[in-house]
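Proteins come first, then strands; the chains are lettered A, B, ... in the order of their sequence lines, and each starts at number 1. All of these numbers come straight from a predicted model, not from anything done at the bench.
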Amino acid sequence: MLDIKLLRNDVDTIANALQKRGFTFDVDQFNQLESMRKASDIKTQQLQSDRKKASKKVGELIQSGKTVDEAKAEVSQLIGTISQALDQEVTKNKAINDELLQFLSGIPNIPDADVPEGKDESDNKVVSLVGEPKGFDFEIKDHVDLGATLDGMDFDTGVKLSGSRFVVLKEGIARLHRALAQFMLDTHAVDHGYSEVNVPVIVNSDTLKGTGQLPKFEEDLFKIEHDNRPFYLIPTAEAPITNLYRDEIVTDLPKKFVAHTPCFRSEAGSYGRDVRGMIRQHQFEKVELVQIVSASESDKALEELTSHAENILKALELPYRKVLLCTGDMGFSAAKTYDLEVWLPSQNTYREISSCSNTRDFQARRMQTREKIDGKQTAFVHTLNGSGLAVGRTLIAVMENYQQADGSIAVPDCLVPYMRGQKVIA
RNA sequence: GGAGAGAUGGCUGAGUGGUCGAAAGCACCGGUCUUGAAAACCGGCAAGGAUUAACGUCCUUCUAGGGUUCAAAUCCCUAUCUCUCCGCCA
């Protein structure tokens, strides 16, 4: 959520910045709502003040010796008129504020100044290329064929159990998948200083509002009902982790968390894309990094967090590139985002495997997560999140990049200990 | 699933209808003392919002939503959550 003060002071600048990411901010509607709100606030408060004074007078009259009935009689008419007017105004005020809140909740974050302007992913800027795609002297297979050959990836049974975009992993592939998650978790927790947490994967709507998935993107989520109340399967661990500090004033920043969770996405808008294989599933696993930091530290934190995700790719010796997303390609809550894209030989291209974002105070404002500065002032914290990495897609990348002529897959060195010494999946 | 108790500021915790936004302690901030620190002592310290050039003035908030009342942290109803006991269970 944006700071309403910024909007009051400088609507046009913000409307401009939002236009860069393809969002048209309705300045007139905002100004109208805002002036209605202001008028109603002032009126409501004046009436409340009047009523309070009248009520206190009853107390004073009683204190000075009058009976309760006498005191009431003296002010009852006045209070009657005030109350009536107040009831009306409060109802109106609430409606206006609700509308204003809804209006504000639907506005995406403002892009940072150094984010390139653009319409879609073709305008993203490649920041760095790491590693070199290796050549193969045999006909390569994609992960679907490799998985079938090794009897490790069963899409048909996934369909039988659940439906399309679900998969069953088996044997060596299942173990490799698990090894990847363990390796990532250990690297971040032990080497990068993140605190490991295990969080619920079913959350309430307040949690998803806090990180910005709601109210706008409900169609992308799996919704479940329990005791007539809505709950959601998390689309990313960013939601439960970042919300650990919702409605709190935090101390001891920075906070750094890592968690390994399944993620669930309905992806209603993207049927037809990536239908083959494990690239886009309704259920997948991800190791997520979250940092909660002071405002002045978030620029540095984004670089650091991104480098932590990169370290996984480096350790796995997978070729990748780091991309700075343009204004039009960023997520709703992000002010600046780096994507890490891994090389997939079968597609002869780089595919997203991690997305690292600085949301600045956008989520903190929604969550009311603040810190005390010098023991006095409160200020919104900044929150950052990034995949470190998407486990399913990393599995694909390892399978394809480490495939051998006979269809077997070499286990990357750093994973061998997690595979109890196994060096090849055949 | 059954029975009971509870939810108050960063934390602990007092407060059962009338200047209560709320005692006290801890934590925190400032100061005195000290070579420095600790201790001790003095002072400050909830959040959000409206308005103002500023000082200030005003409003809201004691889990949430309703209700009673001239007046609600305090009484009533509902929901959520927590704790204790019983049952069930990985």
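- A:Gln46 has its CD atom 16 Å from the C1' atom of B:rG49, to the nearest Å.
- Taking for each of A:Ser49 and A:Arg37 the nucleotide of RNA chain B with the nearest heavy atom, the 5'-most of the two is the partner of A:Arg37.
- The C1' atoms of B:rU19 and B:rC70 are separated by 16 Å, rounded to the nearest whole Å.
- Base-pair partner of B:rG43: B:rC29 (Watson-Crick or G-U wobble, both distances under 3.5 Å).
- When the side-chain nitrogen and oxygen atoms of A:Lys372 are compared with OP1 and OP2 of B:rG9, none of them lie within a distance under 4.0 Å.
- Between B:rG17 and B:rG30, the two P atoms lie 42 Å apart (nearest whole Å).
- If you measure from atom CD1 of A:Ile96 to atom P of B:rA50, you get 14 Å, rounded to the nearest angstrom.
- With contacts defined as side-chain heavy-atom distances shorter than 4.5 Å, the pair A:Ile396/A:Ile353 does not qualify.
- Base pairing of B:rA64: its partner is B:rU78, meeting the Watson-Crick or G-U wobble criterion (both donor-acceptor distances under 3.5 Å).
- Across the P atoms, B:rC55 and B:rG66 are found 35 Å apart, a figure rounded to whole Å.
- Here the nucleotide nearest the side chain of A:Arg370, chosen from B:rC59, B:rG66, B:rG48, is B:rG48.
- Base pairing analysis places B:rG18 opposite B:rC70; the two distances defining the Watson-Crick or G-U wobble pair are each below 3.5 Å.
- Figure legend. B:rA53 is base-paired to no nucleotide; pairs are counted as Watson-Crick or G-U wobble with both atom distances under 3.5 Å.
- Between B:rA27 and B:rC20, the distance separating the two P atoms is 28 Å to the nearest Å.
- If you check the side chains of A:Asn109 and A:Ser333, you find no donor sitting under 3.5 Å from an acceptor.
- The same atom, C1', is picked in B:rA7 and in B:rA14; the two are 15 Å apart, to the nearest Å.
- A gap of 13 Å separates the P atoms of B:rC42 and B:rA24, to the nearest Å.
- At the heavy-atom level, A:Thr378 lies under 4.0 Å from the strands shown only through sugar-phosphate atoms.
- Across the protein-nucleic acid pair, A:Ile42 atom CD1 and B:rC58 atom P stand 16 Å apart, rounded to whole Å.
- With rounding to whole Å, A:Leu101 atom CG is found 14 Å from B:rG48 atom C1'.
- Between the P atom of B:rG48 and the CD atom of A:Gln368 lies a distance of 8 Å, rounded to the nearest Å.
- Residues A:Thr211 and A:Glu238 have side chains that never bring a donor and an acceptor to within less than 3.5 angstrom of each other.
- A:Asp50 places its CG atom 18 Å from the P atom of B:rU57, with the value rounded to the nearest Å.
- Here A:Lys125 does not pair with A:Asp329 in a salt bridge; the nearest charged N to carboxylate O distance is not below 4.0 Å.
- Legend: residues meeting side-chain hydrogen bond (donor to acceptor under 3.5 Å, both in side chains) with A:Asp114, ordered by chain and number and at least two apart, are A:Lys336.
- Side-chain N/O atoms of A:Lys43 include none lying less than 4.0 angstrom from OP1 or OP2 on B:rC59.
- For the 3.5 Å distance criterion, the side chains of A:Thr207 and A:Asn204 qualify, holding a donor opposite an acceptor.
- Every residue was checked against the ring pair (Phe, Tyr, Trp, His ring centres under 6.0 Å) condition with A:Phe284, not counting sequence neighbours, and none meets it.
- Judged by Watson-Crick or G-U wobble contacts below 3.5 Å, the nucleotide B:rG4 has B:rC83 as its partner.
- One C1' atom belongs to B:rC85, the other to B:rC45, and the distance between them is 42 Å to the nearest Å.
- In this entry the distance linking CG of A:Asp41 with P of B:rU60 reads 12 Å, nearest Å.
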Contacts under 3.5 Å, N or O only, protein and nucleotides 77-82 of chain B:
none

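- Dashed line: the shortest gap from a side-chain N or O of A:Arg8 to OP1 or OP2 of B:rA50 is under 4.0 Å.
- If A:Phe380 and A:Ile249 are placed on RNA chain B by their nearest nucleotide, the residue sitting closer to the 5' end is A:Ile249.
- In this model, no donor atom of one side chain and acceptor atom of the other lie less than 3.5 Å apart for A:His382 and A:Glu297.
- In a base pair of the Watson-Crick type (N1 to N3 plus N6-O4 or O6-N4) or a G-U wobble (N1-O2 and O6-N3), with each distance short of 3.5 Å, B:rG9 is matched with no nucleotide.
- Minimum heavy-atom separation, A:Val381 to A:Ile292: CG2-CG2, 3.8 Å.
- Between A:Lys300 and A:Glu303, no side-chain nitrogen of the basic residue sits less than 4.0 Å from a carboxylate oxygen of the acidic one, so the salt-bridge criterion is not met.
- For the C1' atom pair drawn from B:rU69 and B:rG13, the interatomic distance equals 29 Å after rounding to whole Å.
- As a whole-Å value, the separation of A:Gln45 CD from B:rC58 P is 12 Å.
- Partner assigned to B:rA23 is none, using Watson-Crick or G-U wobble distances below 3.5 angstrom.
- Of all nucleotides present, none satisfies the Watson-Crick or G-U wobble test against B:rA37 with each distance under 3.5 Å.
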